[in-house]
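Here the structure comes first, spelled out in structure tokens, and everything after it is commentary.
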There are 2 protein chains.
Amino acid sequence: MGTTQLDTVPEPKYWHLKTVLSDALDSEFAVGEILPNERELAARFGVARATLRQALEQLELEGRLQRRRGVGTTVAPPRVGVAVGDYTHTWTEAGDDTWSCVDSVEAVPPAAVVRLLDTDPDAPVHQVRRTRVSQGQPLAAELLYVPAASVPGLAAIDTPSGLARARAVLRELGRLKLEGREQSVELGSARADDAKELDRLPGAPVLVVTTRYVAENRTAAVAVATYRADTCRLTFGDANGDANGVELLAG
Amino acid sequence: MGTTQLDTVPEPKYWHLKTVLSDALDSEFAVGEILPNERELAARFGVARATLRQALEQLELEGRLQRRRGVGTTVAPPRVGVAVGDYTHTWTEAGDDTWSCVDSVEAVPPAAVVRLLDTDPDAPVHQVRRTRVSQGQPLAAELLYVPAASVPGLAAIDTPSGLARARAVLRELGRLKLEGREQSVELGSARADDAKELDRLPGAPVLVVTTRYVAENRTAAVAVATYRADTCRLTFGDANGDANGVELLAG
DNA sequence: AAGTGGTCTAGACCACTGT
DNA sequence: CAGTGGTCTAGACCACTTA
């Protein structure tokens, strides 16, 4: 298997520390259990606190730990599998694991989104903010960009803004017959507003899912959803008949 | 748009620094250009080097920068879109953007993979190592787990190990008629062996794509591919007719 | 050999959470 | 309030690349 070469390169301390801690998590700790605080752990391992933190950071990145300021470091449960590749809950708003609207405004989208929408760079579009929650835990925050052309039935002065308006946009969007969809996933860091929805600090690692919805041979809408990278595993089922959206890839 | 509230919470220095640097990258630097070194940048902004590094780290995570020890920090090109959701190049080995075999051994897979394979926990399986390269840049390292039952035509003593054996396993695997596939994406950190293939340091952030191949109502194989999170954007096309695997979501 | 980013230290203070 | 994790400093040394 792996290179059994005698490490000519000495392993960094934090890397070794991470391995030791990881093993300890498997054998000596239960999910939800709280670890000794950072100062004590650092002392116990004979390293500076910064070095210990480097190890903890990696373990949190891998979804093994959860750190909360003022509280402590706890052992994280296994990541939740979140379906992002099926059509079942696209615009609907019902059940435990679906999107729920927050609000809506009309504004000019960022340049990156304009490229996908192929609208006028200065043309305002409907922006609908949604969040996805499962089992009480916030999973994702989304910003949906809907050109006015995609919701012709929506009177501009229908409702000024807010939740009612968001629902109105989605209702109109539901009339469209989707012909296809393109998605991409990349690593990002949470913007301040998203971080707030996700109950994380700004800059927290997130998986950014960009979806381009195609209808009538045009881009009907673009969604940019940021999922908590520490707690989520995104699933793209191809031949699975899972009823609800949240399901594990493993048994 | 953004909360225009007067920040009751003072912004961390590294966060503000990141914003400033990000803007500078957009306006004053070209792709591939080399930045001033960390010590000088830190002095220029009047912060400790560790603080500056925290900002650089985030920008690297977002794919804006590329740091190489002994060389310097350069402005990264936009992320490459990598198709992971189509069937075209599954076992084949040809062209610029495909998998190329490295070697193969027979060994007992880790527990997490055993759960997906539903084989005996102690039963060895064929493991094929592959790498995915595009435009000279390594994109991903993969470990394919193939139970002996999926490749009945392969004599156990066909070839001892190495590249020839890897090709033999894939050839036999090609005889199977795939019925479906399940994929998941999650954030991870590169193991030492993967990091070497990806030309990164151990612990570098990666997107781990786990694929379960289904044939004849059984799990034919499981692939665990780790993509460089800094340089890759994974695309899951649903209605796109892109010929080659590497294509942008945007135009 | 010089210059780069990567690791590590031993402190300090701040922001947040609970009681 | 005491205790937690988050930020920040000013140094030091190491590993690596390039010339």
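If you're wondering where the values come from, they're calculated on a predicted model, not measured in any experiment. In what follows, chains carry the letters A, B, and so on, assigned in the order in which the sequence lines appear, proteins first and then strands, with residues in each chain numbered from 1. Just the heavy atoms: all of them, side chains too, but no hydrogens, waters or symmetry mates, feed the values below.
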Counting only heavy atoms and a strict 4.0 angstrom limit, can you tell me which residues of residues 56-76 of chain A come near DNA chain D? A:Arg67, A:Arg68, A:Arg69, A:Gly70, A:Val71, A:Gly72, A:Thr73
Given D:dT9, D:dG6, C:dT9, the nucleotide with the shortest approach to the side chain of A:Ala48: C:dT9
Whole-Å distance, B:Ile34 CD1 to D:dT17 C1', equals 11 Å
Could you pull out the closest heavy-atom pair between A:Arg130 and A:Leu170, with the gap in Å? CD-CD1, 3.9 Å
In whole angstrom, what separates A:Lys13's NZ from D:dA15's P? 13 Å
Nucleotide nearest A:Tyr14 when distance is taken to its side chain, options C:dT9, D:dT9, C:dT7: C:dT7
For B:Val224, the option from B:Leu144, B:Asp194, B:Leu116, B:Val208 that meets side-chain contact (heavy atoms from CB on, under 4.5 Å): B:Val208
Roughly, in whole Å, what's the span from CG in A:Leu201 to C1' in C:dA15? 10 Å
note: A:Leu17, atom CG; C:dT7, atom P; distance rounded to Å ~ 13 Å
Heavy atoms from C-beta onward define the side chain here; which of C:dT4, C:dC8, D:dG6 lies closest to that of B:Arg39? C:dT4
All side-chain contact (heavy atoms from CB on, under 4.5 Å) counterparts of B:Glu57, not counting sequence neighbours: A:Glu57, B:Arg67
Can you check whether A:Thr51 has a side-chain N or O nearer than 4.0 Å to OP1 or OP2 of C:dT9? yes
Among A:Leu163, A:Leu143, A:Val105, the one residue meeting side-chain contact (heavy atoms from CB on, under 4.5 Å) with A:Arg129: A:Leu143
B:Asp199 CG - D:dC16 P separation (whole Å): 13 Å
If I compare all heavy atoms of A:Ser104 with all of A:Val128, which pair ends up nearest, and what's the gap? OG-CG2, 4.0 Å
Of the nucleotides D:dT4, C:dG6, C:dT7, which has the atom closest to the A:Asn37 side chain? D:dT4
Rounding to a whole Å, what distance do you find between B:Arg49:CZ and C:dG5:C1'? 6 Å
To the nearest angstrom, the CZ-P distance between A:Arg53 and C:dG11 comes to 18 Å
Between A:Thr211 and A:Gln183, is any side-chain donor less than 3.5 angstrom from a side-chain acceptor? yes
Side chains of A:Tyr14 and A:Arg53 only: does a donor on one sit below 3.5 Å from an acceptor on the other? no
Take atom CD of B:Glu38 and atom P of D:dA15, then tell me their distance rounded to the nearest Å. 17 Å
